[in-house]
Amino acid sequence: MTKHQLTLHLPDWIDEVVDWDKTYRSDEEKMALAVELSRQNVLRGSGGPFGSAIFAIDSGKLLSVGVNRVMPLHNSTAHGEMMAIMLAEHKLQSFSLSADGVKRELFTSCEPCAMCLGGTLWSGVKRLVCAATADDARAIGFDEGPVYDSSYAYLQQAGIEVVRLVLRDEAKAVLDNYLSRGGTIYNG
């Protein structure tokens with residue numbers, strides 16, 4: 001690797017967990033994938049307790065997934081949402097996930113931190129669906145940064161539908177398991 005190049009990648013186990021050909025119909029089914037990604041990331045020791053997935057709203061087709069890779073990639077921006085967004089944009093060869101006319105949605109196992117909320121706005125997704133709350137993440141020691149109710153109102157005013165608390169208990173259990181297993185709280 002040259003000193004002017006950066007490589008980000010998901011763990012090798014992703015294809016064992018993700019069914020790329022499946023059509024995901026309900027919010028619960030889509031969120032179950034994001035939560036399972038977060039759970040596997042913890043169980044396999046490949047990153048923090050956060051997972052995300054991006055789908056086409058109309059068809060339920062999966063475009064990309066992401067898991068938190070901050071620690072193994074030595075990169076504070078390698079959050080699950082950002083990994084999913086970057087991989088989706090790379091796959092589409094576009095900086096906007098709506099440039100091709102397809103409306104897409106981001107499912108994330110926890111409400112986004114300040115960085116990921118900004119990334120959501122800029123990504124071109126038209127819908128954000130969250131499981132665990134930022135307070136759940138803070139309860140185990142993560143600092144989610146300056147995210148307020150007005151932050152979500154801003155997204156909605158920009159045309160992004162926001163849905164919260166889908167499978168919250170399941171996602172919160174992953175956070176709690178991460179803490180109980182001694183997972184590193186890297187920004188606490």
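Sequential numbering from 1 along the given sequence is applied to the chain's residues. On a predicted model such as this, the values are computed, not experimentally measured, just so you know.
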>> Under the ring pair (Phe, Tyr, Trp, His ring centres under 6.0 Å) definition, can you give me all pairs with a residue in residues 23-58, not counting sequence neighbours?
In response: Y24-F55, F50-F142, F55-F107
> Which distance, rounded to the nearest 0.5 Å, do you find between the NZ of K172 and the CD1 of I140?
Replying inline: 9.0 Å
>> Looking at every heavy atom in both R168 and A131, which two are closest together, and how far apart are they?
In response: CB-O, 3.7 Å
> Could you give the distance from CD1 (I14) to CE (M83), rounded to the nearest 0.5 Å?
Replying inline: 9.0 Å
> Which pair of non-hydrogen atoms, one from L117 and one from P112, has the smallest distance, and what is that distance?
Replying inline: N-CB, 3.7 Å
>> Let me confirm one number: the OG-NZ distance from S59 to K103, rounded to the nearest 0.5 Å.
In response: 13.5 Å
> Are L43 and Q40 close enough that some pair of their side-chain heavy atoms sits under 4.5 Å apart?
Replying inline: yes
> Can you pull the side-chain hydrogen bond (donor to acceptor under 3.5 Å, both in side chains) pairs that have at least one residue in residues 106-119, sequence neighbours excluded?
Replying inline: S52-T108, E81-T108, E111-R164
> Between atom CG of L179 and atom OG1 of T184, what is the distance when rounded to the nearest 0.5 Å?
Replying inline: 11.0 Å
>> Testing the 3.5 Å rule here: is there a donor-acceptor pair between the side chains of Y186 and N68?
In response: yes
> Side-chain contact, heavy-atom cut-off 4.5 Å: L97 with L63?
Replying inline: yes
>> For a 4.5 angstrom cut-off between non-hydrogen side-chain atoms, does S64 reach E89?
In response: no
>> Does anything in residues 65-103 form a ring pair (Phe, Tyr, Trp, His ring centres under 6.0 Å)? List the pairs, not counting sequence neighbours.
In response: none
>> If I take atom CG from residue L33 and atom CG from residue L167, how far apart are they, to the nearest 0.5 angstrom?
In response: 11.0 Å
> side chain to side chain contact (heavy atoms under 4.5 Å, CB included) with A114: which residues, sequence neighbours excluded?
Replying inline: P146, V147
>> Are V102 and D58 packed together at the side-chain level, in the sense that at least one heavy-atom pair is separated by less than 4.5 angstrom?
In response: no
> Taking side chain as C-beta onward, heavy atoms only, is R69 less than 4.5 Å from H9?
Replying inline: yes
> Looking only at heavy atoms, which two atoms of I54 and L62 are closest? And how far apart?
Replying inline: O-CD1, 3.5 Å
> If you look only at pairs with a residue in residues 123-135, which of them pass as a side-chain hydrogen bond (donor to acceptor under 3.5 Å, both in side chains), with sequence neighbours excluded?
Replying inline: D27-R127, E105-R127, R127-E161, T133-D136, D135-R138
>> Are more than 12 heavy atoms, taken from residues, nucleotides or ligands other than D19, located less than 6.0 Å from that residue's CG atom?
In response: yes
> Are S94 and S96 linked by a side-chain donor-acceptor pair shorter than 3.5 Å?
Replying inline: no
>> If you count every heavy atom of other residues, nucleotides or ligands that lies below 6.0 Å from W122 atom CH2, does the total exceed 12?
In response: no
>> If I compare all heavy atoms of V35 with all of A171, which pair ends up nearest, and what's the gap?
In response: CG2-CB, 3.9 Å
>> Tell me whether I160 shares a hydrophobic cluster with Y148, the cluster being built from Ile, Leu, Val, Met, Phe, Trp, Tyr side chains joined at under 4.5 Å.
In response: no
>> Please give me the minimum heavy-atom distance between S46 and P72, naming the atom from each residue.
In response: O-CG, 3.3 Å
> Sequence neighbours excluded, which residues qualify as ring pair (Phe, Tyr, Trp, His ring centres under 6.0 Å) partners of Y152?
Replying inline: none
> What heavy-atom pair brings L128 and L155 nearest, and what distance separates the two atoms?
Replying inline: CD2-CD1, 3.9 Å
>> Contact between M82 and N75 at the side-chain level, heavy atoms closer than 4.5 Å - yes or no?
In response: no
>> Taking the side chain as everything from C-beta on, heavy atoms only, tell me whether M31 gets closer than 4.5 Å to V163.
In response: no
> Roughly how far apart are Y178 OH and I185 CD1, rounded to 0.5 Å?
Replying inline: 5.5 Å
>> Is there a side-chain contact between V18 and L37 in this structure, where contact means two heavy atoms from C-beta onward sitting under 4.5 Å apart?
In response: yes
